[in-house]
Student: 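Sending over a structure as structure tokens; questions will come in a sec.
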Amino acid sequence: MSKGEDTFKKIIAHCKEYGFIFQSSEIYDGLSAVYDYGQQGVELKNNIKDYWWKSMVQHHEEIVGLDSAIFMHPTVWKASGHVDAFNDPLIDNKDSKKRYRADVLIEDHIAKLEDKINKEVKKAAKRFGESFDEAMFRETNPRVQANVKKIDDINARFVPAMEDGQLSDLKKLIEDLEIACPVSGSRNWTDVRQFNLMFSSQMGSTGETASTIYLRPETAQGIFVNYLNVQKTGRKKLPFGIAQIGKAFRNEIVARQFIFRMREFEQMEMQYFVRPGQEADWFEYWKEQRMQWHLALGIPEELFRVHKHEKLAHYANAAVDIEFDFPFGFKEIEGVHSRTDFDLGAHQKFSGKKLQYFDPETNDSYVPYVVETSIGLDRMFLAVISHAYREEKLEDGSERVVMNIPPALAPTKVAVLPLVKKDGLPEKGREIFDRLKYDFMCQYEDKDAIGRRYRRHDAIGTPYCITIDHETLENDTVTIRERDSMKQERIPAERIAEVVRQRVVVRSK
Ligand code: ATP
């Protein structure tokens, strides 16, 4: 097992043991790719939502929120292209009976070639030291060049096959690249078939009056169909944005990797409506802004990378993925897309209603262009906990597991811990807890030795533990222990809120 896989297993086990994430319907052996968030998980998730909402809606006066329904008129999904084109190409291995996404098999193959290139570059950088010219090396090294050519050759076949839905070309490519099933090791593949990812159900009573209804596969369409309602009632001028957090559903073919790919998940999306022709500038702006949002949490920059889309979705004229270095490698966490007027134009056509904006500056009516930022809440959660999970050896030889969660996102901000359960310390502890609980999520605990309580709070990522001892009763001071450094400091009880607040607030654009 690779180091990454091993760490990933430990993170999943940790999430269950400490009440972050449970498998859905576990007592019935679970439901594949569906998860429940436990007592710690729900707090972390809410804090991520809150951080996103504040930075989008509260800090941008031109952006407002929305909460649209999961069910929408079925024609919405016809107009958006999801009924006809929201397909994944699937392929089965006849020996292992495992099902794969054909495009993902090819993308993984490309990623391996990219890895080879990066290893070569790293090796050379080490060898040449300061004088290393990376760009020059990439252009001239024969091994790097050979792999770059291989990638280009694959893309020259892969991109058109995906764009035109040429399933037999995809299969041929998989065969020519000699891609084998990771489970059986064989190359005994079925043909590639299209599979629509939308869940459908019936609305209304059975029979003729019932109609097919879909669970939304993205939250964005709820924003598009409401854009004029918001613009008119909010008297918004371009550019302006609408933000929404909500559930989305996709019948994913390959649903592995814990909460990375789920069948029921949550998205945080923002559509920014702009004047046509200005979308390229706004696309750059939002790409930059979203990167800053991630970095403001203190997660190191090298864990992120930006991947430009070579093959663009039918609606986009520019797109990037922000990728995160998960324990299983770099994968998409967020997309920033320039969606042109595709969606609004399509809804205008299918609904027969004008969706134009009257621009008082140009005295002109037009359908705005849209730049969208779309992040998976669950993937963000996974990024935070994978980065946070640490096993540390301490100076005294003992070990601890600590969740280095950014303090602003930590489920519990302060633990109030009387040193012993007697002598009036619990009463004093309760008094402090009751004061703090209106400002922060706090926990009061007086069971077990203090060391064990510290460990428990390290394991759920509580940034501060407050210890009440006999001296507290004399002079109203407490010790405050910081999670990461484990440093303890004695401060007046009345300063607790101020010290905690300094670290649990993030200021991002
Ligand atoms: P992928 O290529 O990984 O399937 P996508 O490109 O289809 O993702 P988008 O349609 O751009 O994803 O959705 C926007 C965001 O929603 C993604 O960046 C991701 O964070 C999240 N997301 C998409 N599908 C899932 C899923 N099945 N489970 C969890 N999050 C998801």
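Every heavy atom of this structure was used, including side-chain atoms; hydrogens, water molecules and symmetry mates were not. Sequence positions, counted from 1, serve as the residue numbers for this chain. In listed order, ligands and their atoms are each counted from 1. The structure presented is a predicted model; accordingly, all values stated were derived computationally and were not measured.
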Student: Note the single closest protein heavy atom to atom 14 (C) of ligand 1, along with its residue, its atom name and the distance in Å.
Tutor: Ser374 OG, 3.0 Å
Student: For a 4.5 angstrom cut-off between non-hydrogen side-chain atoms, does Lys331 reach Asp321?
Tutor: no
Student: With heavy atoms only and a cut-off of under 4.0 Å, state how Glu334 meets ligand 1: side chain, backbone, both or neither.
Tutor: backbone
Student: Could you verify whether a donor N or O on one side chain and an acceptor N or O on the other, from Thr373 and Glu269, lie under 3.5 Å apart?
Tutor: no
Student: Starting from atom 22 (N) of ligand 1, which protein heavy atom do you reach first, and at what distance in Å?
Tutor: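 In this structure, atom 22 (N) of ligand 1 has Phe265 CE1, 3.5 Å as its nearest protein heavy atom.
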Student: Verify, without hydrogens or angle tests, whether Asn47 (side chain) and Glu43 (backbone) share a donor-acceptor contact under 3.5 angstrom.
Tutor: yes
Student: Quick one: look at Asp321 and ligand 1, take heavy-atom pairs under 4.0 Å, and tell me if it's side chain, backbone, both or neither.
Tutor: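 No part of Asp321 is near ligand 1 at this cut-off.
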Student: Does either side chain, that of Tyr37 or that of Asp378, offer a donor lying less than 3.5 Å from an acceptor on the other one?
Tutor: yes
Student: Please list, in number order, the atoms of ligand 1 under 4.0 Å from a heavy atom of Arg101.
Tutor: 4 (O)
Student: When the aromatic ring centroids of Trp189 and Tyr100 are compared, is their separation below 6.0 Å?
Tutor: yes
Student: Is the side chain of Arg250 donor-acceptor paired with the backbone N or O of Pro217 at a distance under 3.5 Å, no angle test?
Tutor: yes
Student: So between Gln267, Glu218, Lys331, Glu264, whose heavy atom ends up nearest atom 13 (O) of ligand 1?
Tutor: Gln267
Student: Is there a nitrogen or oxygen of Ile259 sitting under 3.5 Å from a nitrogen or oxygen of ligand 1?
Tutor: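 No; the residue has no nitrogen or oxygen that sits under 3.5 Å from a nitrogen or oxygen of the ligand.
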Student: If we ignore angles and hydrogens, is there a donor and acceptor under 3.5 Å between the side chains of Gln221 and His347?
Tutor: yes
Student: Could you tell me which atoms of ligand 1, counted from 1 in the order shown, lie closer than 4.0 angstrom to a heavy atom of Glu252?
Tutor: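 Reading through ligand 1 atom by atom, the close ones are 24 (N), 26 (C), 27 (N).
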Student: Check ligand 1 against Glu332 and write out every atom of the ligand that is under 4.0 Å from a heavy-atom position of the residue.
Tutor: 2 (O), 6 (O), 8 (O), 11 (O), 12 (O), 17 (C), 18 (O)
Student: Return the closest protein heavy atom for atom 4 (O) of ligand 1 as residue, atom name and distance.
Tutor: Arg261 NH1, 2.7 Å
Student: Return the closest protein heavy atom for atom 28 (N) of ligand 1 as residue, atom name and distance.
Tutor: Met262 N, 2.9 Å
Student: Any cation-pi pair here, Arg379 with Phe260, using under 6.0 Å and within 45°?
Tutor: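 Yes, Arg379 sits over the ring of Phe260.
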Student: Have a look at Glu107, Glu323, Arg250 and point out the one with the heavy atom closest to atom 23 (C) of ligand 1.
Tutor: Arg250
Student: Going by heavy atoms, is Asp378 under 4.0 Å from ligand 1?
Tutor: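 Checking ligand 1 against Asp378, which is what was asked, there is no heavy-atom contact under 4.0 Å.
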Student: Under 3.5 Å, is there a donor-acceptor pair between the side chain of His60 and the main chain of Glu62?
Tutor: no
Student: Between Arg290 and Trp286, is NZ or CZ placed under 6.0 angstrom from the six-membered ring centre and within 45° of the ring axis?
Tutor: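 Not satisfied by the 6.0 Å and 45° rule.
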Student: Can you report which non-hydrogen protein atom sits closest to atom 29 (C) of ligand 1, along with the distance?
Tutor: Phe260 O, 3.3 Å
Student: Out of all atoms in ligand 1, which are within 4.0 Å of some heavy atom of His337? Include the element for each.
Tutor: 11 (O)
Student: Looking at ligand 1, does any of its N/O atoms fall within less than 3.5 Å of an N/O of Ile375?
Tutor: no
Student: Looking at every heavy atom in both Gln443 and Gln40, which two are closest together, and how far apart are they?
Tutor: NE2-NE2, 3.8 Å
Student: Hey, is Arg379 touching ligand 1 through its side chain, its backbone, both or neither, going by heavy atoms under 4.0 Å?
Tutor: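 The part of Arg379 near ligand 1 is the side chain, not the backbone.
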Student: How far is atom 21 (C) of ligand 1 from its nearest protein heavy atom, and which residue and atom is that?
Tutor: Gly376 CA, 3.6 Å
